[in-house]
2 protein chains.
Amino acid sequence: MKNKKRTTIYDIAKKLNIAASSVSRALNNSDQVNEATKKLIVKTAAELNYKRNTLASNLRKGQSKTIGVVVPFINQNFFSNVIAGIEEASYQKGYNLIICQSNELQSKEIKCVNTLINQHVDCIVISISADSSDHKHLQNVLDNGIQLIQFDRVADELETLKVINDNEQASLEAVSHLVEQGYKRIALLEGPQNLQIFRQRKAGYLNALKKYGMPVLNELIVENAWTKELGAKGTRKLLNLAQPPDAIFASTSDFSALGVLEVATAMGIKVPSELGICGYSNEAFTEITSPSITTIDQFSVYMGKTVANLYFQEMENKEETAVVPKIISIKPKLIVRSSTKKGG
Amino acid sequence: MKNKKRTTIYDIAKKLNIAASSVSRALNNSDQVNEATKKLIVKTAAELNYKRNTLASNLRKGQSKTIGVVVPFINQNFFSNVIAGIEEASYQKGYNLIICQSNELQSKEIKCVNTLINQHVDCIVISISADSSDHKHLQNVLDNGIQLIQFDRVADELETLKVINDNEQASLEAVSHLVEQGYKRIALLEGPQNLQIFRQRKAGYLNALKKYGMPVLNELIVENAWTKELGAKGTRKLLNLAQPPDAIFASTSDFSALGVLEVATAMGIKVPSELGICGYSNEAFTEITSPSITTIDQFSVYMGKTVANLYFQEMENKEETAVVPKIISIKPKLIVRSSTKKGG
DNA sequence: TTGTAAGCGTTATCAA
DNA sequence: TTGATAACGCTTACAA
């Protein structure tokens with residue numbers, strides 16, 4: 001089975017006694033070929049079960065019609081949604097996707113990127129891993145003439161196309177909402193500060209406090225609480241303070257917020273009356289917890305489509321003077337649910 | 001940026017005044033090349049920022065070290081987990097993944113498969129779409145000398161490698177569990193019967209009833225209830241029967257089970273005392289609903305790894321006589337939670 | 001409209 | 001151990 005030889009354009013050419021170039025032209029639907037022979041060629045190709053060898057075609061044309069995607073984990077809701085969005089838009093344009101996961105490890109991320117460069121992908125789409133420090137490998141992508149698009153978690157010092165969420169604004173709105181509901185001591189569960197997105201979310205939190213003239217209390221800010229377990233741990237610490245918070249903004253994720261909710265429930269603290277909770281990401285489960293969790297929707301599938309379309313636009317304009325915006329910011333949406341409805 | 005010419009082995013050869021073939025050999029770490037020159041070549045390659053053109057290499061070698069994956073939706077938990085598993089195992093072997101989604105449409109599935117054939121992938125891994133009827137396109141994969149592995153949703157009449165769940169056994173256990181908890185009228189929410197997995201789950205349900213000498217009541221079997229909405233709709237119908245069921249096995253998915261739970265809650269029916277609910281898939285949310293939902297874990301990441309490793313084993317044995325099992329069945333695990341704990 | 005031939009960047013074969 | 005050369009299957013000037 002493995003060694004079956006495939007039909008090539010030469011086989012078709014030989015059978016019809018014409019030149020391979022004509023076959024190629026016909027199969028590419030060129031208009032420089034007689035309609036009748038074109039039909040004949042297409043028919044024969046089908047009969048012989050011909051399949052174009054994209055490898056050869058791409059090699060010759062110097063492009064692969066392939067987009068490489070690198071994400072920390074394929075099976076995390078946000079990323080799988082973004083990928084689905086990229087796939088949808090790419091498929092329409094006849095592009096393929098090669099997907100890699102970095103497992104949040106810079107070392108693996110580098111290998112993934114190199115593989116994609118070797119594969120001659122036309123574009124690399126990446127959301128950088130949590131432990132990434134330097135970005136030589138990304139610079140390398142550019143040096144190899146490959147378009148680079150960063151999304152969500154971006155290295156801001158690198159001048160590439162970017163599609164991001166307005167994390168700061170979203171966080172500002174979330175915390176403002178908490179304030180307006182009457183919460184007075186609002187805690188923050190923050191993520192690794194080497195990632196821009198988490199710095200931005202913290203900035204939004206601080207801005208909101210400032211806006212309402214509320215003090216920043218360091219004891220209410222918990223570092224590195226971006227899993228359910230770490231969220232729960234941070235919450236236990238917070239709720240055992242002499243003056244515990246009356247609201248927690250789990251800026252890292254809904255998983256973290258879930259950790260908060262579970263600890264609060266276990267401690268007999270009522271949500272939202274005694275403790276308000278706001279998460280981030282609009283994971284499916286936030287709708288069905290008791291109470292349901294207020295969170296922020298990032299329009300992840302749309303984000304994926306935006307990434308892909310940004311690439312296609314950039315391609316179309318590549319030799320024109322038209323200026324394409326380098327950074328697209330998507331405004332996330334605050335979704336208010338029961339976990340923060342204190343004020344009614 | 002786009003037109004930057006990449007370094008080729010000829011550039012390296014020219015610079016060092018040696019033949020390209022030697023460069024190729026050195027870069028492939030062949031032992032037929034002088035250690036000293038090998039080192040020199042590798043060093044020069046790094047200096048010139050050489051990246052192998054995998055396209056050319058694959059074309060020449062007649063293999064792509066790429067596995068194509070076709071799933072209904074990338075962003076469904078089960079599939080994204082399987083993909084993550086495939087990725088992990090493939091990465092270790094130096095294989096790449098090209099991912100497509102069929103959107104449950106046979107028409108798109110066919111296009112995806114053809115694209116993958118054109119891409120000369122070495123192996124196609126597929127879980128067929130819900131509306132798939134015939135399988136010519138899959139036969140075509142085999143005819144093109146490409147290894148085909150089906151997983152989860154398989155076309156049984158096609159003799160390929162398969163990795164499946166023992167759906168029948170799992171369903172049997174689930175329904176048996178319901179019976180043993182004291183439920184007397186157990187309803188079934190079934191999925192599209194053109195998919196083998198749903199036929200198997202139904203068979204497991206019927207077997208369980210038979211095992212306990214319970215009658216099969218057609219009014220308790222609801223067709224095509226495989227989304228949350230359809231599950232909810234089916235549940236309303238069931239609970240409004242003159243003799244409503246006291247347990248519902250949502251064999252299609254946890255989403256369906258969630259629909260059941262929401263309707264029951266809305267109607268003031270107590271779970272599990274008045275109604276037992278069992279889902280399928282062990283989605284993350286089943287753990288955090290009130291009450292938590294009994295379900296069946298399919299070991300999806302493990303399934304993905306199994307798929308990839310099956311391919312690699314098959315490759316290694318391809319010219320040996322060793323017989324590799326053609327079908328690997330993974331035994332799912334019943335996870336008992338609050339929604340069915342009637343008997344205590 | 002069709003054919004000829006070169007070339008994409010590798011690797012494999014053969015010879016030196 | 002190294003070099004020259006053909007070939008993988010396709011596309012594209014250029015010529016006919």
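Letters go in sequence order (proteins before strands), and every chain restarts at 1.
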Summary of salt bridge (charged side-chain N to carboxylate O under 4.0 Å, His left out) pairs that have at least one residue in residues 88-102 of chain B, sequence neighbours excluded: B/Glu88-B/Lys305, B/Lys93-B/Glu316

B/Asp131-B/Ser129 side chain donor-acceptor pair, cut-off 3.5 Å: yes

Under a 4.0 Å heavy-atom cut-off, which of residues 37-47 of chain B touch DNA chain D? B/Thr37

Contact list for residues 27-45 of chain A, test salt bridge (charged side-chain N to carboxylate O under 4.0 Å, His left out), sequence neighbours left out: A/Glu35-A/Lys38, A/Lys43-A/Glu47

Give the rounded distance in Å between these two atoms: CD of B/Gln63 and P of C/dA12. 10 Å

Pairs involving residues 98-107 of chain B, ordered by first then second residue, that meet salt bridge (charged side-chain N to carboxylate O under 4.0 Å, His left out) (sequence neighbours left out): B/Glu104-B/Arg153

Between atom CG in B/Asp31 and atom P in D/dT1, what is the gap in whole Å? 8 Å

To the nearest angstrom, the NZ-C1' distance between A/Lys14 and C/dG3 comes to 16 Å

Heavy-atom protein contacts under 4.0 Å, nucleotides 4-11 of chain C, coded B base, S sugar-phosphate only, - none: B-BBBBBB

In chain order, what residues pass the side chain to side chain donor-acceptor pair (under 3.5 Å) check against A/Gln196, with sequence neighbours excluded? A/Asp156

Please enumerate all residues that pass side chain to side chain contact (heavy atoms under 4.5 Å, CB included) together with B/Ser57, with sequence neighbours excluded. B/Arg52, B/Lys61

Can you tell me how far P of D/dC10 sits from CD of B/Gln119, to the nearest Å? 13 Å

Provide the full list of salt bridge (charged side-chain N to carboxylate O under 4.0 Å, His left out) pairs with a residue in residues 105-119 of chain A, sequence neighbours left out, each pair given once. A/Lys108-B/Glu87

With B/Asn118 via side chain to side chain donor-acceptor pair (under 3.5 Å) - residues at least two apart: none

All side chain to side chain contact (heavy atoms under 4.5 Å, CB included) counterparts of A/Leu48, not counting sequence neighbours: A/Thr7, A/Ile12, A/Lys15, A/Thr44

Residues forming a side chain to side chain donor-acceptor pair (under 3.5 Å) with A/Asn103, sequence neighbours excluded: none

How bent is the helix from C/dT1-D/dA16 to C/dA16-D/dT1, comparing axes over its five end pairs at each side, to the nearest 10°? 40°

